[in-house]
Amino acid sequence: MASRQISSLTTSRLLSSRRLQVVVLAAFALVAVALVAKLPGWPLIDYRAFDYLSTMGAPPLPKDGPIIVAIDEPSLSEINVQWPWPRSQHAKLISALRAAGAKVIGLDIIFSEPSTPEEDETLAAALGPDVVLAGDETLVTSDQADQFIRVLPLPLFSDKFALTGIASVGLHRDGVLREVPAYDDGFAAMVATAAGVDAELPEGVGLIQTFGGQRTYPTVSYYQALDPENFLPPGIFKDRIVIVGLSLQNAPSIENGGADAFATSYTVHTGRLTAGAEIQATVFDNLRLRSWIEEAEGPAKQSILFFAVLSAVVLVWKGTGWRTVAVGATAIVVLFAVSYLALRFGRVFIPPLAPSLAFVGIAAGQATLDYAQERKNRRQITRAFSQYLAPALVDQLARDPSRLKLGGEKRELSILFCDVRGFTTISEQLKDDPEQLTALINRLLTPLSDIVLSHSGTIDKYIGDCLMAFWNAPLDDQAHAAHAVSAALDMLESMEVLNEDLKAEAEGAGRTHYPLRIGIGINTGECVVGNMGSTSRFDYSALGDTVNLAARLEGASKAYGVSLLLGERTARAVREAFAVLELDRITVKGKTEESPVFTVTRKCSEGALAAHQQFLEAHYRRDVGSQQQLAPDLMRDIPELRAYYERALQSGSA
């Protein structure tokens with residue numbers, strides 16, 4: 001009954017196959033993620049994770065950092081001179097800041113072209129070693145070659161001992177500024193040199209640790225810095241580094257763009273750009289505090305990826321389920337937490353997305369395969385048992401295949417055999433009409449089978465006009481004996497309805513009606529139940545002396561004039577539910593001891609039961625006289641046993 005495929009579900013071969021499947025899936029995920037991580041767009045995904053992680057719990061703005069002097073809207077309005085302003089204006093600012101005690105003044109403005117001689121001389125006169133001017137480096141691409149071109153301040157300004165720093169920054173492909181400029185003479189590095197600060201450049205790629213969004217650094221307007229005594233708190237510039245540059249108060253957005261303004265990691269939260277002057281201040285603090293974040297090298301990334309794959313394999317090695325989802329979600333959180341802790345306390349960015357993708361890929365992939373296998377198993381179980389078990393029981397097995405122990409096992413079963421009496425005569429009458437004979441068998445076995453299934457029984461097999469069923473396998477049934485007896489009584493009642501229908505049909509067709517009668521034997525005991533057959537075909541069946549006795553009880557029921565005969569263990573098990581009546585003792589084949597046999601009725605009075613017991617004891621004593629006295633009342637009170645009492649009297653007289 002159960003197919004070979006279902007039987008193999010519990011074998012070690014399937015277990016080994018599943019583990020091989022997990023290993024193959026893990027290897028595939030490892031290679032796939034490693035290849036995907038090499039795609040040009042993948043680093044941008046990692047860097048987006050960096051944006052969120054580096055801005056979560058970002059360190060506070062460092063103390064004594066630069067002050068921004070902003071060329072902003074109020075300054076453009078107050079100074080009321082067309083931009084670019086005359087260079088004498090910047091000379092006034094340098095003088096005012098120097099007088100206010102500024103330690104270093106960084107002008108994030110490029111003076112690469114001459115203006116008027118007078119203006120240039122005025123600015124040059126204001127310059128000194130405490131001033132840093134901005135330069136620029138640009139990549140010029142042509143069909144012949146790529147060339148870096150530097151744009152520097154006029155020699156007139158450099159000759160005044162003013163330092164020059166390259167203010168160019170490199171953006172990632174998504175237009176976000178994340179890397180510390182890799183210039184030894186970068187603008188922020190030169191500001192540090194002018195201030196006498198020991199600033200260290202990253203050896204490799206250094207990712208900028210931002211301290212907030214736009215206008216995080218203290219900022220004053222350009223026009224205010226021209227007259228700090230009247231517009232600003234006293235000593236605001238004392239021993240401070242000042243960076244001057246374009247910084248609009250209304251921070252430009254990504255959609256609108258902006259002059260000398262860039263997207264940073266913090267832009268994911270605000271959607272706003274940060275002014276170049278403030279970016280130079282951030283880079284300066286990164287250099288002086290060594291707070292930049294290094295990106296993990298290839299071996300470190302591969303180690304984390306391999307660890308994630310190994311963890312996923314351990315998770316799904318034995319199976320998947322709702323715990324896989326819970327542990328998987330926890331693992332993803334842990335990976336991101338580790339990445340965050342490494343970034344925040346170790347200043348190393350370990351991208352968490354590749355290992356997370358590998359982990360999820362293995363867990364989800366294996367869960368999908370397991371789900372598909374489970375669905376397949378359910379379909380196989382449904383196909384194998386749908387003809388032998390009630391739909392509700394088939395559904396239980398399909399939802400929980402662990403309740404099905406395949407192979408062979410010892411279990412206590414209640415076995416039922418049901419056979420049609422006189423079927424040979426009926427077959428002889430219908431020998432020239434095999435279709436009608438087949439239809440009759442089907443009409444007979446269909447209600448009997450339905451009754452077995454409705455009482456949670458398992459149909460073992462059909463042997464011509466005989467039906468074999470059992471209870472308590474493959475699913476546990478604590479009341480298996482009672483269910484078997486209840487099914488037998490319903491089967492007997494169903495025959496009355498069937499005979500009425502057949503009689504009406506026969507009379508309508510002018511045929512002789514031959515009533516159908518059945519005999520049933522039920523026995524309870526230990527059996528071996530499981531897949532029985534050959535290597536090419538086998539059924540789910542039961543074997544053992546209990547089965548043999550049940551078959552003999554069915555055959556013996558006719559001799560006792562009853563339709564239902566029970567074995568002793570069955571009778572003991574159902575005494576509380578039915579009226580159990582002992583009929584005789586028989587010798588079971590292979591044994592020397594006699595075993596009592598029983599029948600049941602749905603209802604029987606206490607007086608009738610007591611009278612029957614007296615009749616039985618008289619039968620064992622061969623006291624025919626007592627039997628004859630008791631028989632009339634018993635035939636009236638227990639009409640189901642009329643034939644039994646008559647035969648007992650006849651055998652006693654003989």
Side-chain angles (χ1 to χ4, degrees), residues 1-11 377-419 445 448-463 466-491 520-534 537-554 566-574 577:
M1 180 174 82
S3 65
R4 192 177 355 174
Q5 289 80 5
I6 300 179
S7 183
S8 66
L9 292 177
T10 56
T11 63
N377 295 346
R378 289 187 179 186
R379 288 194 299 269
Q380 290 174 341
I381 290 173
T382 301
R383 283 197 300 269
F385 287 95
S386 59
Q387 297 180 14
Y388 305 92
L389 288 174
L393 298 182
V394 175
D395 184 59
Q396 290 182 37
L397 280 180
R399 283 187 281 108
D400 186 11
S402 64
R403 301 180 66 180
L404 174 62
K405 182 177 180 181
L406 297 172
E409 60 172 326
K410 264 189 165 184
R411 300 190 73 158
E412 182 180 82
L413 304 181
S414 289
I415 309 293
L416 178 149
F417 274 88
C418 174
D419 195 12
L445 294 179
L448 300 182
S449 301
D450 291 343
I451 290 171
V452 169
L453 298 180
S454 68
H455 287 77
S456 305
T458 300
I459 297 175
D460 185 303
K461 60 176 68 72
Y462 300 99
I463 310 170
C466 177
L467 179 151
M468 174 184 170
F470 53 79
W471 279 256
N472 201 32
L475 296 178
D476 293 335
D477 183 356
Q478 298 298 324
H480 53 87
H483 289 156
V485 172
S486 181
L489 293 174
D490 287 350
M491 292 165 74
I520 301 175
I522 301 177
N523 191 35
T524 300
E526 281 197 346
C527 302
V528 175
V529 61
N531 291 318
M532 311 294 179
S534 67
R537 176 177 177 144
F538 45 81
D539 292 333
Y540 190 74
S541 184
L543 296 176
D545 289 341
T546 300
V547 178
N548 299 333
L549 179 56
R552 285 196 291 274
L553 289 174
E554 180 275 318
L566 309 182
E568 184 177 11
R569 291 185 63 175
T570 307
R572 285 204 306 266
V574 301

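Nearest heavy atoms, V547 versus C527: CG2-SG, 4.0 Å. Residue G525 comes nearest to R569 through the heavy atom pair CA-NH1, 3.6 Å, listed as atom of the first residue, atom of the second, then distance. In terms of heavy atoms, Y462 sits closest to S449 at OH-OG, 2.7 Å. When every heavy atom of S414 is checked against every heavy atom of A481, the shortest pair comes out as OG-CA, 3.2 Å. Annotation for A551 and F417: closest pair N-CD1, 3.5 Å, computed over non-hydrogen atoms.
Under the 4.5 Å side-chain criterion, counting only non-hydrogen atoms from C-beta, I522 is not in contact with L553. Using a 4.5 Å heavy-atom cutoff, the side chains of S541 and K461 are in contact.
With sequence neighbours excluded, the residues that form a side-chain hydrogen bond (donor to acceptor under 3.5 Å, both in side chains) with T570 are T524. Residues satisfying the side-chain hydrogen bond (donor to acceptor under 3.5 Å, both in side chains) test with S486, not counting sequence neighbours, are H455. For the salt bridge (charged side-chain N to carboxylate O under 4.0 Å, His left out) test, residues two or more places apart in sequence or in another chain that qualify with D490 are R602.
Rounded to the nearest 0.5 Å, atoms NE2 (H480) and CG (L413) are 7.5 Å apart. Rounding to the nearest 0.5 Å gives a distance of 8.5 Å between CG of L543 and CG of D460. Here S456 contributes atom OG and D476 contributes atom CG; the two are 12.0 Å apart, rounded to the nearest 0.5 Å. The distance from the OG atom of S454 to the NE2 atom of H483 is 10.0 Å, given to the nearest 0.5 Å. Rounding to the nearest 0.5 Å gives a distance of 8.0 Å between CD1 of I415 and CG of N523. Distance check, rounded to the nearest 0.5 Å: CG of L416 to OG1 of T458 gives 12.0 Å.
A donor-acceptor pair under 3.5 Å is formed between the side chain of N472 and the backbone N or O of D477. A donor-acceptor contact shorter than 3.5 Å links the side chain of R411 to the backbone of P474.
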